[in-house]
Protein chains: 2
Amino acid sequence: MRGVQHNEPEQLATIFKALAHPVRIAILDLLRYGEECVCHMEATLGKRQAYISQQLAILRAAQIITDRRDGMNIFYRVVRPEIYALLDAARAVNSLPMSVPPPIRRESCPCPKCTPVVAVAD
Amino acid sequence: MRGVQHNEPEQLATIFKALAHPVRIAILDLLRYGEECVCHMEATLGKRQAYISQQLAILRAAQIITDRRDGMNIFYRVVRPEIYALLDAARAVNSLPMSVPPPIRRESCPCPKCTPVVAVAD
DNA sequence: TTAGTATATTCCATTCTTTGCATACAGTCA
DNA sequence: TGACTGTATGCAAAGAATGGAATATACTAA
């Protein structure tokens with residue numbers, strides 16, 4: 001994914017390339033309902049951290065997502081929500097259902113969203 | 001069957017791969033207003049015939065287009081018009097204009113659509 | 001400071017994709 | 001039939017993407 005593009009089909013092809021990978025699509029589906037941290041994607045997708053991070057770098061380079069640090073975790077979110085219309089349009093081409101289930105808290109994910117602070121008896 | 005099968009990022013990635021190429025996008029834009037023959041794409045896109053034919057083969061394999069012979073020419077057309085919603089959605093992501101200009105008859109294209117029979121004075 | 005945790009990057013072998021070239025094939029016309 | 005035209009296919013070299021392993025970075029806590 002190189003620098004700026006001049007000609008129009010070239011720009012479109014760049015977006016499609018960023019989406020032409022099942023793990024990157026799964027990541028975007030995870031982010032559909034809001035930001036998530038890397039460890040959550042790791043737990044949900046069952047892929048190694050470094051691998052997830054590589055795919056996130058590609059989506060970041062395509063300016064589809066951005067990140068935000070909060071304490072020890074880095075949360076990613078989609079900055080071009082139009083991308084979901086694109087995913088839905090692709091599902092329509094395949095006659096696939098549109099709905100993507102809301103995110104699930106993962107026991108195996110250590111981030112604060114997944115392991116909320118529990119009141120401890122004193 | 002427990003819930004909708006939701007492991008189709010692979011299928012979506014396949015569509016995006018078929019579209020992740022500027023020449024294939026340009027071909028689909030050419031076919032937006034109806035069928036066109038290979039020679040017309042050759043003339044319009046300024047690419048060699050064998051190259052166009054290769055890209056057509058990929059779109060055919062992805063079941064996005066199909067062909068029809070008429071005399072000496074082979075005309076291609078889109079069989080999944082939903083693909084245009086997909087292209088338009090990608091343009092929206094890039095904040096690009098939606099409209100694709102209608103096809104232009106090419107002097108350099110020898111097909112009957114481009115060089116209509118002209119009444120000859122007797 | 002040191003140790004630890006979360007995430008990113010770099011390197012690399014392997015595998016897919018791209019695209020030019022040559023050629024094959026299938027109709028058409030004389 | 002043979003020559004011709006439009007289109008498709010096979011091959012191969014170059015290039016890009018994949019995904020694994022190791023390592024680097026950046027922050028937090030003690």
Side-chain angles (χ1 to χ4, degrees), chain A residues 1-3 5 9-10 13-27 30 35-62 65-77 106 108-115, chain B residues 9-10 13-27 30 35-62 65-77 106 108-115:
Chain A
M1 246 140 282
R2 300 228 42 90
Q5 271 130 27
E10 195 84 45
T14 301
I15 296 193
F16 288 130
K17 265 181 207 167
L19 298 180
H21 191 290
V23 169
R24 295 198 287 273
I25 291 173
I27 288 174
L30 265 182
E35 64 177 15
E36 298 291 353
C37 67
V38 178
C39 60
H40 185 79
M41 302 181 206
E42 201 182 341
T44 304
L45 302 178
K47 303 284 182 186
R48 289 174 317 105
Q49 174 274 319
Y51 180 58
I52 299 276
S53 205
Q54 280 173 354
Q55 305 307 330
L56 288 171
I58 290 169
L59 290 172
R60 229 186 315 121
I65 61 177
T66 189
D67 58 347
R68 166 184 86 81
R69 177 177 279 272
D70 181 9
M72 286 212 295
N73 304 290
I74 295 184
F75 287 83
Y76 277 88
R77 66 178 186 281
R106 299 282 166 189
S108 52
C109 177
C111 81
K113 283 181 77 175
C114 287
T115 55
Chain B
E10 197 79 48
T14 301
I15 295 193
F16 288 129
K17 267 181 204 165
L19 298 180
H21 191 290
V23 169
R24 295 198 286 273
I25 290 173
I27 287 173
L30 266 181
E35 62 177 18
E36 297 291 353
C37 67
V38 178
C39 60
H40 185 79
M41 302 181 205
E42 201 182 340
T44 304
L45 303 178
K47 302 283 181 185
R48 289 172 318 103
Q49 175 273 319
Y51 182 60
I52 300 277
S53 205
Q54 281 171 348
Q55 305 306 332
L56 288 171
I58 291 169
L59 290 172
R60 230 186 312 122
I65 61 177
T66 190
D67 58 346
R68 166 183 85 82
R69 176 177 280 273
D70 181 10
M72 285 213 296
N73 305 291
I74 295 184
F75 287 83
Y76 277 88
R77 68 179 184 282
R106 299 284 166 186
S108 52
C109 177
C111 81
K113 283 181 77 173
C114 289
T115 56

Between CG of A/Asp67 and P of C/dT7 the distance, given in whole Å, is 11 Å
Can you check whether A/Tyr76 has a side-chain N or O nearer than 4.0 Å to OP1 or OP2 of C/dA6? no
Protein-nucleotide distance (A/His21, atom NE2; D/dA17, atom C1'), rounded to Å: 8 Å
Rounded to the nearest 0.5 angstrom, the NZ-NE2 distance for B/Lys17 and A/His21 is 7.5 Å
Could you state the interatomic distance from CD1 (A/Ile74) to SG (A/Cys39), rounded to the nearest 0.5 Å? 10.5 Å
Without decimals, in angstroms, what is the distance between A/Ile52 CD1 and C/dA8 C1'? 13 Å
Scan A/Leu30, A/Ile27, A/Val38, A/Thr66 and name whichever one has a side-chain contact (heavy atoms from CB on, under 4.5 Å) with A/Tyr76. A/Val38
Under 4.0 Å between a side-chain N or O of A/Arg24 and OP1 or OP2 of D/dT18? yes
Residue mapping more 5' on DNA chain D - nearest nucleotide basis, B/Glu42 or B/Gln54: B/Glu42
Given C/dG27, C/dT7, C/dT5, which nucleotide is nearest the side-chain atoms of A/Cys39? C/dT7
For B/Phe75, report the nucleic acid contact type (base, sugar-phosphate, nothing); a contact means any heavy atom under 4.0 Å. nothing
To the nearest 0.5 Å, what is the distance between CZ on B/Arg48 and OG on B/Ser53? 11.0 Å
In whole Å, what is the span from the CD atom of B/Gln55 to the C1' atom of D/dT7? 15 Å
Judged by atom type as modelled, is there a donor-acceptor pair below 3.5 Å linking the side chain of A/Thr44 to the main-chain atoms of A/His40? yes
To the nearest 0.5 Å, what is the distance between CZ on B/Phe16 and CD1 on A/Ile25? 5.5 Å
Write down the distance between NZ (B/Lys17) and C1' (C/dT18), rounded to a whole number of angstrom. 14 Å
Between residues 43-51 of chain A and DNA chain C, which residues have a heavy-atom gap below 4.0 Å? A/Gln49, A/Ala50
Send over the distance from A/His40 NE2 to C/dA6 P, rounded to a whole Å. 15 Å
Does D/dT9 have its OP1 or OP2 closer than 4.0 Å to a side-chain nitrogen or oxygen of B/Arg60? yes
A/Leu19 CG - D/dT18 P separation (whole Å): 12 Å
Taking five pairs at each end of the helix from C/dT1-D/dA30 to C/dA30-D/dT1, what angle separates the two helix axes (nearest 10°)? 20°
B/Asp70 CG to C/dA26 C1': how many Å, rounded? 15 Å
SG on A/Cys37 to CZ on A/Arg68, rounded to 0.5 Å: 10.0 Å
Nearest 0.5 Å, what's the CG-CD1 distance between A/Leu19 and A/Ile58? 11.5 Å
Would a distance-only check, ignoring hydrogens and angles, find a side-chain to backbone donor-acceptor pair under 3.5 Å from B/Arg24 to B/Ala26? no
